[in-house]
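So that the names make sense, note that chain A is the first sequence line, chain B the second, and so on, each numbered from 1.
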There are 2 protein chains.
Amino acid sequence: MKRRKTPAKEAVLKLLSQRQKAMSHDAIEQEIEVDANRATIYRVLNQFCDDGIVHKVVAEDGKQYFAVCMDCKGEKIPNHHFHFRCTTCDTIECLGESVHFSIPEGYRVKDVNCLLSGTCPDCT
Amino acid sequence: MKRRKTPAKEAVLKLLSQRQKAMSHDAIEQEIEVDANRATIYRVLNQFCDDGIVHKVVAEDGKQYFAVCMDCKGEKIPNHHFHFRCTTCDTIECLGESVHFSIPEGYRVKDVNCLLSGTCPDCT
DNA sequence: AATATTAATGCGACTTTGTTGCAATAATAA
DNA sequence: TTATTATTGCAACAAAGTCGCATTAATATT
Ligand SMILES: [Mn+2]
Ligand SMILES: [Mn+2]
Ligand SMILES: [Zn+2]
Ligand SMILES: [Zn+2]
């Protein structure tokens, strides 16, 4: 499947690139510059995720947040790093800090999801 | 509000105590010994959380998982530890491993949520 | 033991988040 | 300019979770 350049994709990517932080679908839909259907936005976001352009974080509120990660430039499997969610401005950002751990025998780790939450510098 | 002892509460707590692992509402409803309405189970679980009897983990699937944590015995703020989610048997367990991190100036961390996922020893 | 109080329950309606099928549209290739 | 097919909008759907309200039942009181 060859990808096509569309207004919806450009707008989403532009918005996500401007902000340094991860946004929920809801926030994206509100702040985006073009009109786009909910399903379209989700499809665009999921496609970006598949292509490794943006990545997805699920927060403690159970919602998905999407961001263009600064640290992992195109790498398929980026270094596992902490994410920080500000509960005041409701955004998530990537922290440089990487995650270190060791686990008991027998466990096979396929994914790492570490989310700190609180208030960010902008909201203090 | 004084708490009352009811079949639903006893059944949920019994099930959660037997298993070492965190269970979703769905799993609890299926395996519980009494018939209980969905709303009732959620209310019971949330009450337990308020009372500090069980605690809640949100997984990458966006669902809530509930467990009687082994490590934090009644402590209000337990030590931050990793959780592990087996995507095969769909359970979550507390790992002894604690979470270490340092964050930039200006951030105020109020909550820590670290979830590893993959397959557990039982499912290999 | 009978009665009063009110926490807990069941039911249904509702919200939110996210996905999917399908026909119509539009970006790219030929 | 035409053909191909990725993308979109729409509506319907699914899953997770919450809430109002009348009813039930656990505890306290008499
Ligand atoms: Mn990141
Ligand atoms: Mn735990
Ligand atoms: Zn903030
Ligand atoms: Zn398992």
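Every residue meeting the side chain to side chain contact (heavy atoms under 4.5 Å, CB included) condition with Ile53(A), not counting sequence neighbours, appears here in chain and number order: Leu13(A), Phe48(A), Asp51(A). For Tyr107(B), the side chain to side chain donor-acceptor pair (under 3.5 Å) criterion is met by Glu93(A), not counting sequence neighbours. Under the salt bridge (charged side-chain N to carboxylate O under 4.0 Å, His left out) criterion, Asp26(B) pairs with no residue, sequence neighbours left out. Applying the side chain to side chain donor-acceptor pair (under 3.5 Å) criterion to Asp61(A), with sequence neighbours excluded, gives Tyr65(A), Arg85(A). The side chain to side chain donor-acceptor pair (under 3.5 Å) test applied to Lys63(B) returns no partner, not counting sequence neighbours. Looking at residues two or more places apart in sequence or on another chain, you find a salt bridge (charged side-chain N to carboxylate O under 4.0 Å, His left out) between Lys14(B) and Glu33(B). Under the rule for a side chain to side chain donor-acceptor pair (under 3.5 Å), the partners of Ser117(B) that lie at least two apart in sequence or sit in another chain are Glu60(B). Remark: Glu10(B) pairs with Lys5(B) by the side chain to side chain contact (heavy atoms under 4.5 Å, CB included) rule, at least two apart or across chains.
Asp50(A) and Arg43(A) are not joined by a salt bridge, as no carboxylate oxygen comes within less than 4.0 angstrom of a charged side-chain nitrogen.
By the 4.5 Å heavy-atom criterion applied to side chains, Gln47(A) and Arg3(A) are counted as neighbours. Under the 4.5 Å side-chain criterion, counting only non-hydrogen atoms from C-beta, Leu116(B) is not in contact with His83(B). Side-chain contact between Phe84(B) and Val109(A) is present, with heavy atoms from C-beta onward closer than 4.5 Å.
In this pair, Phe101(B) and Phe82(A) present their aromatic rings tilted. The plane angle is within the 30 to 60° band.
Separating the NZ atom of Lys9(A) from the P atom of dA6(D) is a distance of 10 Å, rounded to the nearest angstrom. For the pair Asp90(A) CG and dT16(C) C1', the computed distance is 14 Å after rounding to whole Å. As rounded to whole Å, 14 Å separates atom C1' of dA8(C) from atom CG of Leu45(B).
The side chain of Gln47(B) places an N or O atom within less than 4.0 Å of a non-bridging phosphate oxygen (OP1 or OP2) of dA8(C).
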Can you pull every protein N or O that's under 3.5 Å from an N or O on nucleotides 26-30 of chain C?
from    : atom 1 : to      : atom 2 : distance (Å)
dA27(C) : N3     : Arg4(A) : NH1    : 3.0
dT28(C) : OP1    : Lys5(A) : N      : 2.9

Could you list all N or O pairs between the protein and nucleotides 17-24 of chain C that sit under 3.5 Å apart?
from    : atom 1 : to       : atom 2 : distance (Å)
dT17(C) : OP1    : Lys63(A) : NZ     : 3.2
dG18(C) : OP1    : Gln64(A) : N      : 2.7
dG18(C) : OP2    : Tyr42(A) : OH     : 2.4
dG18(C) : O5'    : Tyr42(A) : OH     : 3.2
dG18(C) : O6     : Arg38(A) : NH2    : 3.1
dT19(C) : OP2    : Asn46(A) : ND2    : 3.3
dG21(C) : O6     : Arg43(A) : NH1    : 3.3

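Within residues 27-34 of chain A, no residue has a heavy atom under 4.0 Å from DNA chain D.
Contact annotation for Asp61(A): no contact, since no heavy-atom pair falls under 4.0 Å across all strands.
Comparing the end axes of the helix from dA1(C)-dT30(D) to dA30(C)-dT1(D), each fitted to five base pairs by superposing C1' atoms of four pairs onto the next four, gives an inter-axis angle of 30° (nearest 10 degrees).
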